[in-house]
Number of protein chains: 2
Amino acid sequence: MFNFERQYTDSVTDIRWLDATEMAAWRAFVAASHLLERRIEEQLKAAAGLTHPQYEILVVLSESPGRQMRMTELARGVVVSKSALTYQITQLEKAGLVERTTCPSDERGVLAVLTDAGARCLERVAPGHVEVVREHLIDQLSREELHAVTRAMRKTEASLRTSA
Amino acid sequence: MFNFERQYTDSVTDIRWLDATEMAAWRAFVAASHLLERRIEEQLKAAAGLTHPQYEILVVLSESPGRQMRMTELARGVVVSKSALTYQITQLEKAGLVERTTCPSDERGVLAVLTDAGARCLERVAPGHVEVVREHLIDQLSREELHAVTRAMRKTEASLRTSA
DNA sequence: CGATGATCGTTCAGATTTGAACAATGACTC
DNA sequence: GAGTCATTGTTCAAATCTGAACGATCATCG
């Protein structure tokens with residue numbers, strides 16, 4: 001499973017290791033994002049039996065024109081694999097929060113549509129969710145930090161979306 | 001998207017919604033962290049058949065005195081549930097990268113110990129991993145942004161570790 | 001039109017995660 | 001010491017995620 005050979009032929013590798021500052025940033029980022037993800041998941045599950053991906057699906061749909069979106073685009077929006085989205089939309093359909101419609105313009109396509117019940121569910125759950133995000137992230141940051149984080153994360157997102 | 005009915009009895013709800021700046025920060029953070037997580041997972045899987053949690057376990061152990069750590073503490077360090085850690089340590093044990101030892105001072109305890117093979121594996125895999133982190137996160141950020149992100153993430157981590 | 005290749009969403013198998021329940025041990029009080 | 005409660009790590013069932021394979025539809029071009 002694991003071998004010992006380096007795939008690079010360089011006799012002296014030119015690896016640019018992370019210095020202390022960079023490593024600190026990376027570690028903090030990983031720890032914070034994992035912890036926050038856990039907390040959010042916990043809150044949503046307790047409050048509404050929703051997972052974070054499910055909640056994000058409802059949010060994205062609610063902001064989409066006609067409260068509907070194609071599967072592939074939705075998967076891209078919530079950053080999840082197509083198969084995971086298929087699974088989650090099925091779950092949300094069972095719960096009556098989302099419906100599937102065949103896309104009129106493309107026979108292959110499927111439109112996920114937010115139902116009224118889904119919209120109401122989102123309204124009901126959003127306050128508690130926002131409070132968690134606010135308490136542990138937003139309200140911890142100065143306005144300046146908020147802007148810096150936004151700039152940084154957008155660059156990261158762009159970098160990742162661009163390269164394949 | 002949100003109407004005016006509330007399930008709370010407050011005549012005027014005191015929900016502090018996210019303003020545009022705050023929402024932008026939160027959205028960017030979620031998207032970037034999910035995308036980066038996916039990319040890292042992909043890279044580690046392709047390069048060494050490791051998952052990100054497995055890699056983090058190796059890293060944390062390698063930096064721990066005696067290359068060993070108690071299960072609970074390790075779980076806290078890599079931000080994963082105890083049962084997930086049990087599973088992953090079993091996997092790493094099968095691969096010969098980690099060993100289990102009963103803790104001398106506490107009969108209940110288990111020490112996860114990094115093996116030489118585990119240390120070599122880490123050395124081999126680290127460069128490729130660091131490159132991904134650098135390309136999409138570190139190198140995208142100015143030095144100032146790097147510091148801001150670190151400060152922000154540490155506050156978030158502290159907030160989440162403190163409360164419950 | 002017909003052929004080729006891309007895109008769409010689903011299905012499937014396999015891996016992983018989580019929380020709850022559990023047995024075993026430790027810590028602490030009376 | 002005995003009793004009580006906390007902690008440790010594991011097991012288990014259930015849910016979820018991913019990538020690969022698939023059939024169906026679309027788009028392009030000769």
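Naming: A, B, ... by sequence-line order, numbering from 1 per chain.
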Show every donor-acceptor pair shorter than 3.5 Å between a side-chain atom in residues 105-119 of chain B and any protein atom, with sequence neighbours excluded, or say none if there are none.
unit_1, atom_1, unit_2, atom_2, d
B/D106, OD1, B/R108, N, 2.9
B/D106, OD1, B/R108, NE, 3.2
B/D106, OD2, B/R108, NH2, 2.9
B/T115, OG1, B/G96, O, 2.7
B/T115, OG1, B/L97, O, 3.0
B/T115, OG1, B/A117, N, 3.4
B/T115, OG1, B/G118, N, 3.0
B/D116, OD1, B/R67, NH1, 3.0

Are B/V78 and B/Y87 linked, directly or through other ILVMFWY residues, by side chains that come within less than 4.5 angstrom of each other?
no
Show me the pairs that pass ring pair (Phe, Tyr, Trp, His ring centres under 6.0 Å) and involve residues 41-68 of chain B, at least two apart or across chains.
B/H52-B/H129, B/Y55-B/H129
Take the protein atom CD of B/Q68 and the nucleotide atom P of D/dG9, then report the distance between them rounded to whole Å.
13 Å
OP1, OP2 of C/dC8 versus side-chain N and O of A/R70: anything below 4.0 Å?
no
May I ask you to decide whether A/R27 forms a salt bridge with B/E56, counting only side-chain N to carboxylate O separations under 4.0 Å?
no
Whole-Å distance between D/dC17 P and A/E56 CD?
11 Å
Round to a whole Å and report the spacing from CD1 of B/I40 to P of D/dC17.
19 Å
salt_bridge(B/E145, A/K155) N-O dist < 4.0 Å
yes
Between B/D106 and A/V110, which is nearer to the 5' end of DNA chain C once each is assigned its nearest nucleotide?
A/V110
Sequence neighbours left out, what passes side-chain hydrogen bond (donor to acceptor under 3.5 Å, both in side chains) with B/T150? Give chain and number order.
none
Check the surroundings of atom CD in B/E63: do more than 12 heavy atoms from other residues, nucleotides or ligands lie under 6.0 Å from it?
yes
Starting at CZ of B/R108 and ending at C1' of C/dG26, how long is that distance when rounded to a whole Å?
4 Å
If an axis is fit to five pairs at each end of the helix from C/dC1-D/dG30 to C/dC30-D/dG1, what is the angle between the two, to the nearest 10°?
30°
Residue pair B/R154 / A/A28: nearest heavy atoms and the distance that separates them
CG-CB, 4.0 Å
Whole-Å distance, B/L111 CG to D/dG9 C1', equals 12 Å
Strand contacts (DNA chain C) in residues 83-95 of chain A, 4.0 angstrom heavy-atom criterion
A/S83, A/T86
Residue pair A/K45/A/S105 against DNA chain D: nearer the 5' end by closest nucleotide is A/K45
List in numerical order all residues of residues 71-82 of chain B for which some heavy atom is under 4.0 Å away from an atom belonging to DNA chain C.
B/V80, B/S81
I need the minimum non-hydrogen distance between A/R161 and B/A31, along with the two atoms involved.
NH2-CB, 4.5 Å
What's the CG-C1' distance between B/L50 and C/dT16, to the nearest Å?
14 Å
Is A/D19 paired with B/R143 through a side-chain N to carboxylate O contact shorter than 4.0 Å?
yes
Closer than 4.0 Å, any side-chain N/O of B/R38 to the OP1 or OP2 of D/dC17?
no
Gap between atoms CD and C1', on B/E107 and C/dA23 respectively (whole Å):
14 Å
Is B/R39 salt-bridged to B/E135, going by a charged N under 4.0 Å from an acidic O?
no
Between NE2 of A/H52 and P of C/dT18 the distance, given in whole Å, is 15 Å
Should the pair A/E131-B/R16 be classified as a salt bridge under the 4.0 Å nitrogen-to-oxygen rule?
no
Does B/T51 or A/E42 map to a spot on DNA chain C nearer the 5' end, using the closest nucleotide for each?
B/T51
